[in-house]
Structure formats: C-alpha cells, structure tokens
Amino acid sequence: MRQFGVELYDRWTAMWNGDTALADEIMAPEFHLRYAQAGTEAFDEVRRPGELADVITGWHRKRPGLRFVAEGPAVVDIGLVDGAPEGTVARPYVASFVDNDGRTVARSGTDILAVTGGRITEVWSVSSGAGGRTFY
C-alpha cells in the first residue's frame, strides 16, 4: 500500500502542476480542504473535483511557471478497508514561481491527504512564509 500512497501523492502534485483532469480521478466526489495559511479562504468553499480544477487553473493564470515538487519521503499509513485503500499520506513539498522582478519565490510546506475508497476525501496543507505563503 505504500506504493499506492506515493503514487497518489505524485498524482496530487501533478494535478497542482496543471494536469487538472486528475481531479476527477483522485478526488472523492465531495471532499474538504483545510489550508492553514493566510490568503487561502477560497479553499473553504471548494468541495468538488471540478471546482478544484478551476481554482488550480486560475492559479496558473495568475502565476505562470508555478511549480510544485515533492520534497523528501512520503509518510504512508494506508491499508485496505473493504478492498479499497484507506488511510493517510503526508509529504513535504516546495512550491515556486518567478515574480515580476525576476526573483524566484519558493515556499515549503506539507500536504496531508486523507484517503477513503482510494480517493482523497480531505486535505490539510500547511506552508511556510511570514504571514503565510506570499503567492496566495
């Protein structure tokens, strides 16, 4: 089940890098996002895969070149429940983009994915930066 968890997190990262079609594949039909940083209030209302895909697309319009990369090993606590993966995957990441002055802005964080029935049902995301991530 470790491999399932690592691959799910990799697909989560690919989705955030613009492959928004993955939202329908990896996200539960209804889910909760919990972003513990400033400027993320828009996530409080996102509950469905299509809504999340729209938010991600908007981010990439606002921040061309925005890139998320998994950083460090994943912590995977997943087992089979009624034949489907269930549990938690957590992994640190770094997100970066080039600002209007040509400087690279990078912030690290950790995403914790709750999985039920093989799909992401809840996400907790905490990132660095004074006052939260400056690119939200």
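These numbers were taken from a predicted model, which means no experiment stands behind them.
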Q: Please examine the side chains of L33 and L52, heavy atoms only from C-beta on, and report whether any two atoms are closer than 4.5 Å.
A: yes
Got a list of side-chain donor-acceptor pairs under 3.5 Å for residues 114-121, not counting sequence neighbours?
residue : atom : partner : partner atom : Å
R119    : NE   : E25     : O            : 3.4
R119    : NH1  : D24     : O            : 2.8
R119    : NH1  : M27     : O            : 3.2
T121    : OG1  : A114    : O            : 3.3

Q: Could you pull out the closest heavy-atom pair between P49 and P29, with the gap in Å?
A: CD-O, 3.5 Å
**Q.** Trace of the side-chain contact (heavy atoms from CB on, under 4.5 Å) decision for W16 with V69
**A.** CA-CA 10 Å; W16 279 97; V69 178; over 6 Å; no
Q | side-chain contact (heavy atoms from CB on, under 4.5 Å) evaluation trace for Y9 with Y93 | A | CA-CA 10 Å; Y9 193 95; Y93 67 88; 3.8 Å; yes
Q: Step through the shown structure and confirm whether more than 12 heavy atoms of other residues, nucleotides or ligands are within 6.0 Å of CD on E45.
A: no
(Q) Run the salt bridge (Lys or Arg N to Asp or Glu O under 4.0 Å) test against R67 and tell me which residues pass, sequence neighbours left out. (A) none
Q: Would you name the heavy atoms of A23 and A53 that are closest together and state the gap between them?
A: CB-CB, 4.4 Å
Q. CG/D111 to OG/S127 distance, rounded to the nearest 0.5 angstrom?
A. 9.0 Å
Q. Rounded to the nearest 0.5 Å, how far apart are CG of D99 and OG1 of T104?
A. 8.0 Å
Q.
To the closest 0.5 Å, what do you measure between CZ (F68) and CD1 (I56)?
A. 8.0 Å
**Q.** Any donor-acceptor pair under 3.5 Å from H60 side chain to V55 backbone
**A.** no
Q: Measure the spacing between CG of L8 and CD1 of I78 and express it to the nearest 0.5 Å.
A: 6.5 Å
Q. Are P85 and L80 side-chain neighbours, meaning at least one heavy-atom pair lies under 4.5 Å?
A. yes
Q: Might you point out which heavy atoms bring A70 and T13 nearest each other, and give the distance in Å?
A: N-CG2, 4.4 Å
Q) Is there a chain of hydrophobic side chains (I, L, V, M, F, W, Y, each step under 4.5 Å between heavy atoms) that links V94 to V123? A) no
Q.
Within this structure, what is the CG-CD distance for the pair L113 and E122, rounded to the nearest 0.5 Å?
A. 10.5 Å
(Q) Main chain of F4, side chain of E7: is a donor-acceptor contact present, judged purely on distance under 3.5 Å? (A) no
Q | Audit row: V98, R63, side-chain contact (heavy atoms from CB on, under 4.5 Å) steps and yes/no | A | CA-CA 8 Å; V98 177; R63 300 281 188 216; over 6 Å; no
(Q) Determine whether F31 and W124 satisfy the following criterion, ring pair (Phe, Tyr, Trp, His ring centres under 6.0 Å), listing intermediate values before the conclusion. (A) CA-CA 11 Å; F31 53 83; W124 285 86; over 10 Å; no
Q. Do V76 and V6 pass the side-chain contact (heavy atoms from CB on, under 4.5 Å) test, and can you show the C-alpha distance, the side-chain angles, and the key distance before you say yes or no?
A. CA-CA 7 Å; V76 179; V6 169; 4.2 Å; yes
Q: Classify the angle between the aromatic ring planes of F43 and Y35 as parallel (below 30°), tilted (30 to 60°) or perpendicular (above 60°).
A: parallel
Q | Sequence neighbours excluded - side chain to side chain donor-acceptor pair (under 3.5 Å) pairs with any residue from residues 68-91 | A | D10-R91
Q) If two hydrophobic side chains count as joined below 4.5 Å and joins carry through other members, does M15 share a cluster with W59? A) yes
Q: Would you check if the side chain of D101 reaches a backbone N or O of R103 as a donor-acceptor pair within less than 3.5 Å?
A: no
